[in-house]
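Heads up, the thing below is written out as structure tokens.
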Amino acid sequence: MLDVVPWYNGLPALERNMVRAELRTVSLRTGEYLFREGARSPGWYGVVEGLVKWSSRGSDGRSLSLAGFSTGSWFGEATMIRHERFEYEVIALRPSRVVILPRDTCERLWNHNIEFTKALMTHLAQRVNWLMASYTGNVLLDVDTTVARAVAAQLDAELHSGTNGRLKISQEEIASLCGVSRQRCNTALTRLARAGVLQTHYGGLTILDRDALYRHAGRSSQEQA
């Protein structure tokens, strides 16, 4: 997974070796929490394989789905930098492996390597941009656009993974990420398929027209979550 991570490949050999040596790996079963709200952040998280969901739970017990993180995604940077406890939870939607780059390691890198610092700041800027778009979507957009945004986010996450537009994600998982019923999600995906945007198949879907997907999602193809 590290071999296709742009910020990792930009590090000197000595620092790449340090990152590999200090990474911790966590294996999760379907339905198992990586962490819950109130937990302390040990560092920066990266998904090696699988799919995990980022969500927030209200005082009434209802859960708001915020995003899905799949192979190649990195997350948790804001909480790590602020030395705060998590205000959300992350749960595995399928068997997953996640790595943790300890905060001390990240701090050494951002204090001594400008390229890592730039990569981290770019990642934060993209996250803020994505959150603003997500908030707009939750308030203003219809289900079809929300589903297209969820699919586009997964395509962004796996952009450097050599999948060639083939995403291993089920309709049930997309529905969970969007907070909609599986039937409504299926209807939206069927419309996208009829428009020539994607093709659904057993175990996932394939993006046929990336630009069209971004248009349906109401996003620019230059934006990445």
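Note: hydrogens, waters and symmetry copies are ignored here, and every other heavy atom, side chains too, is used.
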Checklist line | Stepwise side chain to side chain contact (heavy atoms under 4.5 Å, CB included) test for Q199 and L205 | finding: CA-CA 6 Å; Q199 180 180 23; L205 50 87; over 6 Å; no
Next item on the list: Output, in order, the C-alpha distance, side-chain angles, deciding distance and verdict of side chain to side chain contact (heavy atoms under 4.5 Å, CB included) for T117 and N111.
Entry: CA-CA 8 Å; T117 304; N111 281 335; over 6 Å; no
Check: How far apart are the C-alpha atoms of C106 and M80, what are their side-chain angles, what is the distance that settles it, and do they pass the side chain to side chain contact (heavy atoms under 4.5 Å, CB included) test?
Finding: CA-CA 9 Å; C106 290; M80 173 189 68; 3.7 Å; yes
Next item on the list: Take L34 and L28 through the test side chain to side chain contact (heavy atoms under 4.5 Å, CB included) and record every step on the way to the result.
Entry: CA-CA 7 Å; L34 178 62; L28 301 170; 3.9 Å; yes
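A salt bridge links D3 to R20: at least one charged side-chain nitrogen sits closer than 4.0 Å to a carboxylate oxygen. Between R149 and D156 there is no salt bridge, since no side-chain nitrogen of the basic residue lies less than 4.0 Å from a carboxylate oxygen of the acidic one.
Note: W44 and W110 fail the aromatic proximity criterion, with ring centroids not under 6.0 Å apart. Checked against the 6.0 Å centroid threshold, W74 and Y45 do not count as a close aromatic pair.
Remark: the backbone N or O of K118 is paired with a side-chain donor or acceptor of T122 at under 3.5 angstrom. Here the side chain of T190 pairs a donor or acceptor atom with the backbone of N186 at under 3.5 angstrom. In terms of modelled atom types and a separation under 3.5 Å, the side chain of S27 and the main chain of R97 share no donor-acceptor contact. Judged purely by atom type and a 3.5 angstrom limit, S73 has no side-chain atom pairing as donor or acceptor with the backbone of T71. Using a distance-only test at 3.5 Å, with no hydrogens or angles considered, no donor-acceptor pair links the side chain of R103 to the main chain of G43. A distance-only check finds a donor-acceptor pair linking the side chain of R16 to the backbone of L11 [under 3.5 Å]. The backbone N or O of R29 lies less than 3.5 Å from a partner atom in the side chain of E32, making a donor-acceptor pair.
Atom CG of N113 and atom CG of L14 lie 11.0 Å apart (nearest 0.5 Å). If you take CD on Q154 and CD on E173, they are separated by 9.0 Å, rounding to the nearest 0.5 Å. Atom CZ in F75 sits 9.5 Å away from atom NE2 in H123 (nearest 0.5 Å). Separating the CG atom in L177 from the NZ atom in K53 is a distance of 7.0 Å, to the nearest 0.5 Å. Rounding to the nearest 0.5 Å places OG1 of T79 at 6.5 Å from CD of E87. Separating the CE atom in M18 from the CG atom in L101 is a distance of 7.5 Å, to the nearest 0.5 Å.
The closest side-chain heavy-atom distance from V180 to T146 is not below 4.5 Å. Side-chain atoms of V19 and E15, non-hydrogen and from C-beta on, never get closer than 4.5 Å to each other. Looking at heavy atoms from C-beta onward, C185 lies out of side-chain contact with Q183 at the 4.5 angstrom threshold. K168 has its side chain out of reach of S70: every pair of non-hydrogen atoms, C-beta onward, lies at least 4.5 Å apart. Between I207 and L167, some side-chain heavy-atom pair lies under the 4.5 Å cut-off. Between I81 and L120 there is a side-chain heavy-atom pair separated by less than 4.5 Å. Contact check for V151 versus I174: side-chain heavy atoms found under the 4.5 Å cut-off.
Y33 and I100 end up in different hydrophobic clusters when Ile, Leu, Val, Met, Phe, Trp and Tyr side chains are linked at under 4.5 Å. If you chain together hydrophobic residues whose side chains sit under 4.5 Å apart, I91 and W54 never meet in one group. Note on V47 and Y88: same hydrophobic cluster, where clusters join Ile, Leu, Val, Met, Phe, Trp and Tyr whose side-chain heavy atoms are under 4.5 Å apart, directly or indirectly. One hydrophobic cluster, built from ILVMFWY side chains closer than 4.5 Å, holds both L2 and L109. Under the 4.5 Å side-chain contact rule for hydrophobic residues, L124 and F116 share a cluster.
What you find for S176 and L93 is that their closest heavy atoms are OG-CD2, 3.9 Å. For the pair R184 and S181, the tightest heavy-atom approach, listed with the atom from each and the gap, is N-OG, 3.1 Å. Considering every non-hydrogen atom in both C178 and A150, the closest pair reads SG-CB, 3.5 Å. In terms of heavy-atom proximity, T30 sits nearest to P95 at OG1-CD, 3.0 Å. In terms of heavy atoms, L213 sits closest to A148 at CD1-O, 3.7 Å. Summarising the geometry of H216 relative to A195, their closest heavy-atom pair is NE2-CB, 4.1 Å, with the distance given to 0.1 Å.
Residues E22 and T105 have side chains that bring a donor and an acceptor to within less than 3.5 angstrom of each other. A side-chain N or O of H201 and one of T206 form a donor-acceptor pair less than 3.5 Å apart.
Remark: I114 CD1 is packed, more than 12 non-hydrogen atoms of other residues, nucleotides or ligands lying under 6.0 Å away. Crowding of E107 atom CD: a count of heavy atoms from other residues, nucleotides or ligands under 6.0 Å exceeding 12.
Of the listed residues (D209, L189, L155), just one forms a side chain to side chain contact (heavy atoms under 4.5 Å, CB included) with L198, and that residue is L189.
Residues satisfying the ring-ring contact (aromatic ring centres under 6.0 Å, His included) test with Y8, not counting sequence neighbours, are none.
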